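Keep in mind that this is a model prediction, so the values were computed, not measured. Numbers here are sequence positions counted from 1.
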Amino acid sequence: MDSPSIVSLSGQMALRQQLDITANNLANANTTGFRGDRTLFQTHVSRLEVPGREVAFVQDRATYLDTRAGTIAATGNPLDVAIEGEAYLAVERPGGGRGYTRDGRMHVAPDNTLVNSSGRPVLDEGGAPILMPEQVSKVEIRTDGTILATVEGRIEQAGRLGLFRGGDPRGIRKGGDGLLEIPPADVQPVPANAPGVRLHQGALEASTVQPVQELSNLTLIQRAYESMQRIVADDDDRMRKMIETLGRSN
């Protein structure tokens with residue numbers, strides 16, 4: 001197989017990766033706090049033995065997180081929070097360790113632990129689960145994450161939601177459980193009242209995925225894939241005819 005087919009196949013492999021990511025983005029268009037993925041490709045130039053000749057391949061460089069903010073919409077639920085600015089809530093994974101998320105749907109578990117929509121404990125600024133008092137009649141979550149609970153007419157501070165960010169946004173990866181992963185050495189706590197970061201109580205952040213744009217991307221990917229497939233087919237046909245011609249000459 002010579003260079004036209006190899007180059008086209010490298011492009012098709014890159015398009016397949018882009019197709020999988022685009023499809024996953026579309027599937028999460030309505031997922032609270034979801035941030036879409038983007039792909040980064042580059043040209044890899046390989047020089048041929050013939051002087052002055054070279055061939056360019058497509059190389060999958062990286063997949064990175066789209067850090068644009070989603071739309072914030074009110075829900076009226078006092079235990080819902082939307083994050084404004086670059087920060088993430090931390091939750092405890094079942095097997096230990098932390099995961100990070102922008103999904104601010106929370107509720108109080110039977111043991112009074114504050115948990116997210118999947119039942120995972122939401123962590124405070126020190127990395128510990130947050131325990132809510134019993135018989136709470138009202139909950140206030142301030143913009144810095146401080147949780148105030150009203151119990152029998154008295155206001156108690158139940159804790160402060162931990163907010164964290166990665167030192168390098170490019171190092172943030174998605175885990176198989178729907179949570180984000182930040183290298184432990186790269187995790188930075190967001191201090192209270194940090195500029196540009198605040199919480200909105202009774203609201204949630206929508207997905208950053210724009211369905212119309214992703215559907216348009218799917219169409220472009222399909223057309224590019226079909227175009228490269230024609231190149232592979234034409235090159236294969238050329239090789240077949242060349243072999244047949246050489247066979248007849250013998």
Side-chain angles (χ1 to χ4, degrees), residues 21-38 63-93 98-108 114-125 130 132 139-148 158-182 186-215 217:
I21 289 174
T22 303
N24 184 64
N25 285 344
L26 272 173
N28 288 280
N30 295 318
T31 300
T32 301
F34 181 83
R35 288 190 161 182
D37 287 312
R38 294 289 177 262
T63 300
Y64 62 94
L65 198 67
D66 183 358
T67 56
R68 292 178 300 175
T71 303
I72 294 177
T75 64
N77 185 344
L79 290 179
D80 285 344
V81 292
I83 304 173
E84 178 183 336
E86 189 58 27
Y88 301 90
L89 296 171
V91 299
E92 187 177 273
R93 285 189 160 111
R98 291 186 191 178
Y100 300 88
T101 181
R102 299 272 297 187
D103 186 348
R105 294 174 295 172
M106 300 182 294
H107 63 273
V108 180
L114 187 65
V115 297
N116 71 348
S117 59
S118 299
R120 300 184 178 102
V122 179
L123 305 180
D124 62 15
E125 54 192 334
I130 298 173
M132 299 294 291
V139 175
E140 177 188 355
I141 302 178
R142 293 183 172 175
T143 57
D144 66 350
T146 299
I147 303 173
L148 300 178
R160 177 177 176 265
L161 292 171
L163 292 175
F164 304 87
R165 61 162 65 107
D168 182 0
R170 295 173 298 179
I172 301 175
R173 295 290 182 263
K174 290 183 177 178
D177 55 1
L179 296 174
L180 298 174
E181 298 176 348
I182 304 176
D186 203 31
V187 175
Q188 299 178 356
V190 178
N193 301 315
V197 177
R198 58 183 308 205
L199 292 179
H200 296 267
Q201 183 181 16
L204 292 172
E205 180 187 22
S207 171
T208 63
V209 175
Q210 300 177 9
V212 174
Q213 178 182 340
E214 298 298 337
L215 285 171
N217 289 342

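Not a single side chain to side chain donor-acceptor pair (under 3.5 Å) links N30 to another residue, sequence neighbours left out. For D80, the salt bridge (Lys or Arg N to Asp or Glu O under 4.0 Å) test picks out no residue, with sequence neighbours left out. In this structure, the side-chain contact (heavy atoms from CB on, under 4.5 Å) partners of L26, at least two apart in sequence or on a different chain, are P211, E214, L215, L218. Under the rule for a salt bridge (Lys or Arg N to Asp or Glu O under 4.0 Å), the partners of E181 that lie at least two apart in sequence or sit in another chain are R93. Listed by chain and number, the residues in a side-chain contact (heavy atoms from CB on, under 4.5 Å) with N28 are N24, T31, F34 (sequence neighbours excluded). Checked against side-chain contact (heavy atoms from CB on, under 4.5 Å), R120 has the following partners two or more places apart in sequence or in another chain: V91, P94, N116, S118, D177, L179. Remark: V115 engages H107, A109, T113 in a side-chain contact (heavy atoms from CB on, under 4.5 Å) (not counting sequence neighbours). Applying the salt bridge (Lys or Arg N to Asp or Glu O under 4.0 Å) criterion to D124, with sequence neighbours excluded, gives no partner residue. The side chain to side chain donor-acceptor pair (under 3.5 Å) search around T67 returns none, not counting sequence neighbours. The salt bridge (Lys or Arg N to Asp or Glu O under 4.0 Å) search around R98 returns none, not counting sequence neighbours.
At least one side-chain heavy atom of L161 sits under 4.5 Å from a side-chain heavy atom of L114. Between Y100 and V187, some side-chain heavy-atom pair lies under the 4.5 Å cut-off. Side-chain contact between L163 and L199 is present, with at least one heavy-atom pair separated by less than 4.5 Å. Taking the side chain as every heavy atom from C-beta outward, L65 and D37 approach each other to under 4.5 Å.
Between T75 and A203, the closest heavy-atom pair is OG1-N, 3.8 Å. Scanning both residues, G36 and N25, for their nearest heavy atoms gives CA-OD1, 3.4 Å.
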Exercise for the section: Output, in order, the C-alpha distance, side-chain angles, deciding distance and verdict of side-chain contact (heavy atoms from CB on, under 4.5 Å) for V81 and L89. Expected result: CA-CA 10 Å; V81 292; L89 296 171; 4.2 Å; yes
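Between atom CG of residue D186 and atom CD1 of residue I172 there is a gap of 8.0 Å, rounded to the nearest 0.5 Å. For the atom pair L148 CG and R142 CZ, the distance stands at 4.5 Å (nearest 0.5 Å). Rounding to the nearest 0.5 Å places OH of Y88 at 6.5 Å from CD1 of I182. From N217, atom CG reaches atom CZ of R38 across 7.0 Å, with rounding to the nearest 0.5 Å.
Counting only residues at least two apart or in different chains, side-chain hydrogen bond (donor to acceptor under 3.5 Å, both in side chains) contacts with residues 203-213 comprise R102-E205. Within the structure, the side-chain hydrogen bond (donor to acceptor under 3.5 Å, both in side chains) test picks out the following pairs touching residues 192-202 (sequence neighbours left out): E84-H200.
With respect to M106, the side chain to side chain contact (heavy atoms under 4.5 Å, CB included) criterion is satisfied by exactly one of I147, I141, V139: I141. When each of R35, R165, R68 is tested with E86 by the rule salt bridge (charged side-chain N to carboxylate O under 4.0 Å, His left out), just one qualifies, namely R35.
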